[in-house]
Amino acid sequence: MKISIQSVALLLSIPLILLACNKEENFPDPPISHTELWNCHHQMTWDSLKTKDALIGEWEWEYIACAWNLKAASYEEFKGLTVEFKPDNTLEVKENGQTIETSNWKVVDGDADLFALSVDTGGAPLFGRILFCENRVVFGGSYIDLCDNYFRRKE
């Protein structure tokens, strides 16, 4: 049996290809899948007042996933960030307990029969569709190639 140089090169390259495909970078999964979030959110009928009432309180950022950059999937991006939505339509953004931003906010119509926020200043990751599930709110902008930011209600 005659072995060609091409065959040897191919056999030697297979392990390299497998190593390249098996990167050690493991991107964390979202705390809740999109399907589960969508189904959970739609167990209730939402209007702008219910959405506003559900937002009132303090929320701690927990995760980001960006459609255009999988490496941005992280539990670290905005670690220590909290947002407090107040009944008077003001909000306070804190980083490690220190206020870094205050703003006015209101619930507005989004798309797909969902709601979104209008915020006077845009420093906090609050852009996109608002979806609730239990003690979690997601501001989902990935449907337009932005990021989804997950927050947990602070207790």
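No experiment lies behind these values; they were computed from the predicted model shown. Worth knowing before you read on, the calculation uses all heavy atoms, side chains too, and leaves out hydrogens, waters and symmetry mates.
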In short, Pro31 meets Tyr150 closest at the heavy-atom pair CD-CD2, 3.8 Å
Is there side-chain contact between Phe78 and Pro125, with at least one heavy-atom pair below 4.5 Å? yes
Nearest heavy-atom neighbours spanning Asp148 and Gly140: OD1-CA, 3.0 Å
Side-chain heavy atoms of Thr121 within contact of Glu101, under 4.5 Å: yes
Honestly curious: do Ile32 and Tyr63 fall in one hydrophobic cluster under the side-chain, below-4.5 Å linking rule? yes
A side-chain contact here means heavy atoms from C-beta on lying under 4.5 Å apart; do Asn149 and Leu126 qualify? no
Is any side-chain heavy atom of Phe115 closer than 4.5 Å to one of Asp109? yes
For residues Phe132 and Val108: do they belong to one hydrophobic cluster (side chain heavy atoms under 4.5 Å, members Ile, Leu, Val, Met, Phe, Trp, Tyr)? no
Walk me through whether Trp59 and Phe151 qualify under ring pair (Phe, Tyr, Trp, His ring centres under 6.0 Å). CA-CA 6 Å; Trp59 298 86; Phe151 288 81; 7.5 Å; no
Please evaluate residues Lys79 and Glu62 with respect to the criterion salt bridge (charged side-chain N to carboxylate O under 4.0 Å, His left out), reporting the C-alpha separation (whole Å), side-chain torsions for both, the decisive distance (0.1 Å), and the verdict. CA-CA 7 Å; Lys79 191 174 183 176; Glu62 69 175 335; over 6 Å; no
Hey, does Thr82 have a side-chain heavy atom less than 4.5 Å from the side chain of Lys154? yes
Let me confirm one number: the CD-NE2 distance from Glu134 to His41, rounded to the nearest 0.5 Å. 14.0 Å
Hphob cluster co-occupancy, Leu55 + Met44, side-chain heavy atoms under 4.5 angstrom: yes
Taking every non-hydrogen atom, the tightest pair across His34 and Ser142: CE1-OG, 4.4 Å
Run the ring pair (Phe, Tyr, Trp, His ring centres under 6.0 Å) check on Trp38 and His42 step by step: do they pass? CA-CA 6 Å; Trp38 188 266; His42 284 90; 4.5 Å; yes
Rounded to the nearest 0.5 Å, what's the gap from CD on Glu60 to CD on Glu84? Could you check? 13.0 Å
Taking the basic N atoms (NZ, or NE/NH1/NH2) and the acidic carboxylate oxygens, is any pair closer than 4.0 Å for Arg153 and Glu58? no
Just verifying a value: how many Å separate Arg136 CZ and Leu37 CG, rounded to the nearest 0.5 Å? 8.5 Å
Show, in sequence, the C-alpha distance, side-chain angles and deciding distance for Phe85 and Trp105, and conclude whether the ring pair (Phe, Tyr, Trp, His ring centres under 6.0 Å) test is met. CA-CA 8 Å; Phe85 293 94; Trp105 66 280; 5.0 Å; yes
Walk me through whether Asn104 and Asn89 qualify under side chain to side chain donor-acceptor pair (under 3.5 Å). CA-CA 6 Å; Asn104 293 308; Asn89 285 72; over 6 Å; no
Is a side-chain N or O of Thr51 found less than 3.5 angstrom from the main chain of Asp47, in a donor-acceptor match? yes
State, yes or no, whether a side-chain contact exists between Cys133 and Asn39 at a heavy-atom distance under 4.5 Å. no
Taking Leu131's backbone N and O only, do any of them form a donor-acceptor pair with Trp46's side chain (distance below 3.5 Å, no angle check)? no
Smallest heavy-atom separation, Gly128 atom then Ala116 atom, equals O-CB, 3.6 Å
For the CZ atom of Phe127 and the SG atom of Cys147, what is their distance to the nearest 0.5 Å? 11.0 Å
Ring-face cation contact, Tyr143 with Arg129, 6.0 Å cut, 45° max: yes
Only one of Val93, Leu117, Val83, Leu91 clears side-chain contact (heavy atoms from CB on, under 4.5 Å) with Ser103; which? Leu91
pair Ile130-Leu114: side-chain heavy atoms closer than 4.5 Å: no
One pair to check against side chain to side chain donor-acceptor pair (under 3.5 Å): Thr99 and Glu92. What are the steps and the verdict? CA-CA 7 Å; Thr99 300; Glu92 205 171 289; 3.1 Å; yes
